[in-house]
Amino acid sequence: MFKGRKKTIVRMSQLVVPTLREDPREAEVVSHKLLLRAGFIRRLAAGIYTYLPLGFRVLNNVSNVVRQEMDKAGAQEVFMPSLLPAELWKETGRWDMYGKELFRIKDRHERDFCLGPTHEEVITDLVRNAIRSYRNLPVNLYQIQTKFRDEIRPRFGLMRGREFMMKDAYSFHTSQEDLEKEYQNMYKTYCSIFERLGLKYRVVEADSGLIGGGFSQEFMVLADTGEEELFVCPKCDYAASRESAGVGEFRVADSQSTGTSKNALKEVHTSGTKTIEEVAAFLKTSPDKTIKTLIYETETGPVVALVRGDHALNEAKLKRVLGVQDLRLASEKVIEKVTKAPLGFSGPVGLKGIKIVADNCVPLIENGITGANKKDHHIMDVSYGRDYKADLIGDIRFALCSDVCPKCKKGKFDVLRGIEVGHIFKLGTKYSEKMKCVYLDENNQEKTMIMGCYGIGIGRTAQAAVEQSFDKDGIVWPMTLAPYKVAIIPVNSSIPEQMEVAEKIYSQGRGAGVAILLDDRELRAGVKLKDIDLIGIPIKVIIGKALKDGKVEIKLRKNGEVKLVPEDRAMDEIKALLA
RNA sequence: CGGAGCAUGGCUCAGUUUGGUAGAGCGCCUGCUUCGGGAGCAGGAGACCGUGGGUUCAAAUCCCGCUGCUCCGACCA
């Protein structure tokens, strides 16, 4: 591949690997610290990184596996622009919907552009022009490319950057069944990708967010420090992200009496109490007796959402239940207009002319407590049906680990942590319809294409691997990801015999196409060994004392295992380890 | 965007309270001695103390503005 090049630098004395002895202040999580310390990446600005030679090699290792598996699955690689005209985004409405996360810029003619955070619009535009017949469907096009998102809070190095490498694929179909087939094909492809990369992962049901569409699944690399919570049922195969985990059973809170006698409504003065906790404490009861009332604004007007006081409302679920796209907490002004009372005293009783959505658990509350829609007042002994009604009742809260699996209704959730590295979506016609991406079927009928979309965070995957595999000395790369598989370390570079053997094995390795590194630096053994371990090279060939007997050491990073072999057998041994 | 904090050689930090000629460790360069898990000695280079203004005889230090970065909450691969 690089035949034209005279030599690639794989001598440590020449390689740019600025390792650091101390943890950089900017890093918080282990993987970020290690990538910085071991000289893989450097920060340029918040969430924007340079990949140094080692880092870039790892990135390419991920990309290559992804590319091979995608090609094998029948997808075709393309390369789309990063700089995108606003018109396309206006066509789907996402120019307005995407919000502040979209990097927007103007050209010299004051025309609007953005830096691509994802490419549904671009690919759909391409396909609607390039493909007109059912004969040319289905297709799956993908690219590996830099994406831009003006994240609210860039974090943890490559985990959440503002500029990051991503593989995104888009498939186009003539039927739902065909999409289903490709979705399964991609599911399998993703499994083999993450298996080849040597990662422990789980697949969970997920919310599809801004990308939209219906069903989607996330691939999570398991790591205790992961940002995501996965709700996994121990009794069946159900697994979901925190965002989308369902609630299997609606029970009354433990503290509620089983008695059903309804007391009469009572208004109480609760001056100075605003939060649920304050109100519950003031009235000497627990938060699960209260009804939390939240006012939201949507594109179809304000709505009132009710959840039990000890539950957290899940906006993604609320969006789904309401069937709205735009959802945000109402301003105090709107709250006052809707409830005629200041923030902190809202309640469903007596509200008119506004849609009310209640969580499944809310109607079960007897003699509950909620705001009186009157400053400094709450009402007690509120019961559903008698005192208020909801227009919609559904699952709109976050699941808790005490909740029951919605699938088998038996297991209580285990909560694991993970890092989202892949996401597959069934988009349906969300984009193709708006953008008139159509084809002619065999009956000369115009039909809208059905789409799927499949992403993998390349840099994030690389960093997730570190998060999953490190020790006190540094990174322990899985073989596939390691920037170099083998490092040759002459213990004392001032002994000519050691250097000779080192050079010999090095050139044998290069001749055999092994990704091999020679630590030819004139440094003490300890420094070289520490550096190579920090970098995480899987196999070390240590040339030292044993050379007197014509032997070298082969030591594994993973478990510290050492094997003494005759120097002329070293290469065979390495090849066996790599096979 | 709300809350907290930080900004001083390449890296990690001290110095700021109580203004008075900019420090340490690591790294880097030179030489000597060392040489199997971050060596020792000697010599040396390297900083307009984030930025703009103000107070003062005098500001890294006090005051005001700005910017950048990190962390905690709502978004995403």
Side-chain angles (χ1 to χ4, degrees), chain A residues 18-29 32-33 36-37 39 42-48 62 66 98-102 117-119 144-169 190 206-211 216 218-221 227-228 241 243 312-316 327-329 419-425 453-464 472-474 489-495 498 521-534 540 542-547 552-553 555 560 562:
Chain A
T19 55
L20 267 18
R21 291 203 182 188
E22 283 159 295
D23 283 337
R25 203 171 39 165
E26 70 185 72
E28 187 69 10
V29 296
H32 187 196
K33 283 180 184 167
L36 285 164
R37 273 193 62 200
R42 276 294 150 93
R43 195 196 61 212
L44 181 64
I48 303 177
V62 179
V66 169
Y98 217 91
K100 289 188 183 160
E101 214 160 289
L102 192 61
T118 175
H119 282 71
I144 294 175
Q145 202 228 29
T146 302
K147 306 282 184 193
F148 300 86
R149 287 182 198 174
D150 197 355
E151 287 286 343
I152 300 167
R153 187 141 92 85
R155 236 191 302 204
F156 306 150
L158 270 29
M159 290 284 192
R160 180 185 299 273
R162 292 194 293 173
E163 174 176 328
F164 57 98
M165 194 74 82
M166 180 172 155
K167 186 280 304 184
D168 49 328
Y190 274 36
D207 182 69
S208 48
L210 275 179
I211 312 287
S216 82
E218 289 173 346
F219 285 71
M220 301 278 197
V221 167
E227 276 193 279
E228 306 294 328
S241 69
E243 280 288 305
L313 183 128
N314 180 331
E315 295 187 357
L327 183 77
R328 55 183 187 278
L329 273 171
I419 300 158
E420 182 190 350
V421 289
H423 203 156
I424 54 180
F425 302 81
C453 131
Y454 323 91
I456 291 181
I458 302 289
R460 187 184 273 191
T461 299
Q463 189 170 337
K472 65 171 174 37
D473 292 313
I489 306 168
V491 165
N492 186 334
S493 52
S494 62
I495 299 174
Q498 287 190 11
R521 294 175 299 175
E522 290 177 18
L523 292 171
R524 300 169 67 83
V527 180
K528 290 190 272 196
L529 290 165
K530 285 285 184 196
D531 264 353
I532 296 297
D533 283 350
L534 177 61
K540 289 189 287 283
I542 303 170
I543 301 162
K545 281 183 198 142
L547 192 60
V552 298
E553 269 168 59
K555 188 169 183 179
V562 183

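Computed from a prediction, not measured in an experiment: that's the story for all the values here. Reminder, nothing fancy here: chain letters follow the sequence lines and each chain counts from 1. Values below: all heavy atoms of this structure, side chains included; hydrogens, waters and symmetry mates excluded.
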Under the rule for side chain to side chain donor-acceptor pair (under 3.5 Å), what residues qualify as partners of [X], not counting sequence neighbours?
| X | result |
| --- | --- |
| A:K167 | A:Y190 |
| A:D531 | A:T19, A:R521 |
| A:S493 | none |
| A:D168 | A:Q143, A:K147, A:Y170 |

Spacing between [X] atom [atom1] and [N] atom [atom2], to the nearest angstrom:
| X | N | atom1 | atom2 | answer |
| --- | --- | --- | --- | --- |
| A:L313 | B:rG73 | CG | C1' | 16 Å |
| A:R160 | B:rG73 | CZ | P | 11 Å |
| A:I424 | B:rA77 | CD1 | P | 13 Å |
| A:L529 | B:rC35 | CG | P | 16 Å |

Which atom pairs link the protein and nucleotides 41-45 of chain B when you take only N or O atoms and keep those under 3.5 Å?
none

Let's test this: given Watson-Crick or G-U wobble pairing with both distances under 3.5 Å, identify the partner of B:rC28.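 Pairing partner: B:rG44.
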Does [X] have any side-chain contact (heavy atoms from CB on, under 4.5 Å) partners at least two apart in sequence or in another chain, and if so, which?
| X | value |
| --- | --- |
| A:E553 | A:I542, A:V562, A:L564 |
| A:A46 | A:P154, A:R162 |
| A:E227 | A:R155, A:F156, A:R160 |
| A:Q498 | A:P490, A:V491, A:N492, A:I495, A:I543, A:L547 |

Give me the distances for all protein-to-nucleotides 66-70 of chain B N/O pairs that come in under 3.5 Å?
unit_1, atom_1, unit_2, atom_2, d
B:rC69, OP1, A:A46, N, 2.8
B:rC69, O3', A:R43, NH1, 3.1

Nucleotide N/O of nucleotides 25-30 of chain B paired with protein N/O under 3.5 Å:
unit_1, atom_1, unit_2, atom_2, d
B:rG25, N2, A:E22, OE1, 3.2
B:rG27, OP1, A:R21, NH2, 3.1

Identify which nucleotide among B:rC72, B:rC76, B:rG36 has an atom closest to any side-chain atom of A:E553, counting heavy atoms from C-beta outward.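 Of all the options, the side chain of A:E553 is nearest to B:rG36.
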Sequence neighbours excluded, which residues qualify as salt bridge (Lys or Arg N to Asp or Glu O under 4.0 Å) partners of A:K540?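 For A:K540 the salt bridge (Lys or Arg N to Asp or Glu O under 4.0 Å) partners, ignoring immediate neighbours, are A:D533.
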